[in-house]
2 protein chains.
Amino acid sequence: MTTSAQPSKSDRTRQRILRAAAKAFRQQGYTSSSLREIADSAGMQAGSLYYHFGSKEELAECVMDMGLAGARAAAEQALSAAGEDADPLTRIGAAFSGHLGYLVEEADFAVATLRMLHQTPDGVRTRHMRKQRVLGRFYGELFEAARVAGQIRPQFDLSALRMLLLGALNWTPEWYSDAGLSPEQLAAQLTDMMGRGVRPQ
Amino acid sequence: MTTSAQPSKSDRTRQRILRAAAKAFRQQGYTSSSLREIADSAGMQAGSLYYHFGSKEELAECVMDMGLAGARAAAEQALSAAGEDADPLTRIGAAFSGHLGYLVEEADFAVATLRMLHQTPDGVRTRHMRKQRVLGRFYGELFEAARVAGQIRPQFDLSALRMLLLGALNWTPEWYSDAGLSPEQLAAQLTDMMGRGVRPQ
DNA sequence: GTCTATAGGTTGATAGAC
DNA sequence: GTCTATCAACCTATAGAC
């Protein structure tokens with residue numbers, strides 16, 4: 001029964017390797033991180049990694065899959081917590097808040113995923129960009145719903161607007177530090193600016 | 001007379017190397033780009049690079065200096081073109097527009113600079129982050145002026161607001177392609193959202 | 001200024017013992 | 001499952017000819 005609730009020892013070792021890899025990839029990127037270093041951080045020798053992963057490339061792709069899936073899951077969970085009855089802009093704000101929470105709290109996976117994209121081999125990169133489109137469509141539908149509901153003025157290019165805001169989100173790890181606002185507060189600032197603008201009235 | 005208007009042959013070769021390096025660094029990052037490849041793209045052998053630059057690290061730092069200086073110059077130039085009499089939010093929009101124009105038109109230098117930061121050796125990185133603060137202060141003063149003029153509601157965290165918007169800007173190279181809006185149109189979308197928000201009225 | 005040749009080091013990956 | 005040992009490839013940087 002591989003569907004047992006108990007994770008095997010191999011499963012747990014695999015997770016330990018993935019965490020070590022995410023940490024290294026986040027700090028130094030894909031190419032600068034050596035398997036020796038990742039193995040050491042996971043408490044083993046470099047050669048032993050190959051029992052769990054076929055190649056460095058495959059290990060990186062697993063980290064990126066987890067980072068992307070985690071961000072998406074966080075956004076979807078926050079969205080459903082907001083409820084179907086909330087108005088579309090509020091729902092976008094909720095998704096942003098969940099998304100940003102993941103970016104900050106699971107920064108190793110989330111940031112490694114964002115930073116590795118342009119260093120990984122072609123196959124990994126193109127596959128990952130294809131997977132990213134699922135998240136893109138998720139947000140695309142939220143923005144479309146807001147536009148249909150009349151909450152977004154028609155002069156906005158919906159796709160550009162979405163990417164500008166996701167850019168603001170994805171860039172936060174570059175400057176965010178615990179000393180300031182919480183992820184929720186930060187997401188609230190972004191959502192408030194998006195909806196009403198910074199001007200008074 | 002090294003201050004002559006004529007650039008020497010050495011100067012022009014140097015520029016050719018820098019362009020080749022910026023292109024490679026943008027596409028593959030710092031670590032994945034080899035000096036052989038950069039030299040080849042500049043029409044010379046790897047060893048010959050060392051006549052012009054002391055090390056790979058130094059070459060990267062030059063590219064990053066140019067990318068940062070270019071972005072700053074573009075923002076400052078657009079700001080002064082807007083004039084001192086323009087209202088503060090309009091001035092911010094003008095700076096964004098110039099900044100974004102540089103990101104798109106000199107993408108090799110601008111994007112290489114953004115992407116290399118977390119791959120370069122410690123010395124290069126810390127020095128570059130110090131240089132970045134000049135641009136941070138530049139925008140910080142523009143936002144402060146807008147706040148003082150009452151154009152930004154007091155509930156906004158000025159620093160977070162600035163970084164969110166600069167994040168939206170810095171992320172554009174990840175998705176921008178010529179098929180859509182011009183840099184000016186895109187900056188206008190961002191500025192309009194910042195000022196009035198997306199909601200009608 | 002640019003070339004060739006190469007030193008010296010690190011890397012991803014494999015093979016086989018345990 | 002993990003270790004040790006090692007290979008082949010690649011890298012940055014240097015030295016010396018031209």
Side-chain angles (χ1 to χ4, degrees), chain A residues 2 4 6-25 27-64 112 116 118-125, chain B residues 2 4 6-25 27-64 112 116 118-125:
Chain A
T2 49
S4 156
Q6 296 276 359
S8 69
K9 181 193 173 189
S10 176
D11 282 343
R12 279 183 283 115
T13 303
R14 201 183 144 91
Q15 291 303 317
R16 216 173 62 237
I17 295 170
L18 284 166
R19 268 200 305 276
K23 185 177 173 183
F25 288 148
Q27 289 172 345
Q28 305 165 352
Y30 175 72
T31 322
S32 304
S33 302
S34 74
L35 293 179
R36 282 172 173 79
E37 174 189 11
I38 292 171
D40 187 65
S41 165
M44 57 193 343
Q45 298 297 313
S48 309
L49 293 176
Y50 286 85
Y51 176 81
H52 302 274
F53 297 94
S55 65
K56 183 184 186 182
E57 193 174 327
E58 185 186 311
L59 174 57
E61 191 162 1
C62 278
V63 169
M64 294 169 78
M116 271 197 291
H118 297 282
Q119 295 177 67
T120 42
D122 287 350
V124 177
R125 186 172 59 254
Chain B
T2 48
S4 155
Q6 296 276 357
S8 68
K9 182 192 173 191
S10 175
D11 282 341
R12 278 184 284 114
T13 304
R14 201 183 144 91
Q15 292 301 318
R16 214 173 63 236
I17 295 170
L18 283 166
R19 269 200 304 276
K23 184 177 173 183
F25 287 148
Q27 289 173 343
Q28 304 165 354
Y30 175 71
T31 323
S32 305
S33 302
S34 75
L35 293 179
R36 282 176 172 80
E37 173 189 14
I38 292 170
D40 188 65
S41 166
M44 57 193 342
Q45 297 298 313
S48 310
L49 292 176
Y50 286 85
Y51 176 81
H52 302 274
F53 297 92
S55 65
K56 182 184 185 181
E57 193 174 327
E58 185 187 312
L59 174 57
E61 192 161 1
C62 278
V63 169
M64 293 170 78
M116 270 196 291
H118 297 282
Q119 296 177 67
T120 43
D122 287 350
V124 178
R125 185 172 61 252

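Just so we're on the same page: letters track the sequence lines, and every chain starts at 1. Being a predicted model, the structure only gives us computed values, none of them experimental.
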Colleague: Check side chain to side chain contact (heavy atoms under 4.5 Å, CB included) between Tyr50(B) and all other residues, then give those that pass, not counting sequence neighbours.
Modeller: Leu35(B)
Colleague: Using a heavy-atom distance cut-off of less than 4.0 Å, which residues of residues 12-25 of chain B contact DNA chain D?
Modeller: none
Colleague: Got a sec, which residues hit side chain to side chain contact (heavy atoms under 4.5 Å, CB included) with Ala112(A), two or more places apart in sequence or on another chain?
Modeller: Phe25(A), Arg26(A), Val63(A), Met116(A)
Colleague: Between the side chain of Lys56(B) and the main-chain N/O of Ser34(B), is any donor-acceptor distance below 3.5 Å?
Modeller: no
Colleague: Verify, without hydrogens or angle tests, whether Thr31(A) (side chain) and Thr31(B) (backbone) share a donor-acceptor contact under 3.5 angstrom.
Modeller: no
Colleague: Restricting to side chain to side chain contact (heavy atoms under 4.5 Å, CB included), what partner residues turn up for Thr13(B), sequence neighbours left out?
Modeller: Lys9(B), Arg16(B), Ile17(B), Met44(B), His52(B)
Colleague: For Gln27(A), what residues pass the side chain to side chain contact (heavy atoms under 4.5 Å, CB included) criterion, not counting sequence neighbours?
Modeller: Lys23(A)
Colleague: So if I define the base as every atom that isn't primed, P, OP1 or OP2, how would nucleotides 3-18 of chain C read as a B/S/- string at a heavy-atom cutoff under 4.0 Å?
Modeller: BB------BBBB----
Colleague: Are the charged groups of Asp122(A) and Arg125(A) less than 4.0 angstrom apart, N to O?
Modeller: yes
Colleague: Give, for atom OG of Ser10(B) and atom OH of Tyr51(B), the distance between the pair rounded to the nearest 0.5 Å.
Modeller: 5.0 Å
Colleague: Please give, in whole Å, the distance from dT14(D) P to Tyr51(B) OH?
Modeller: 16 Å
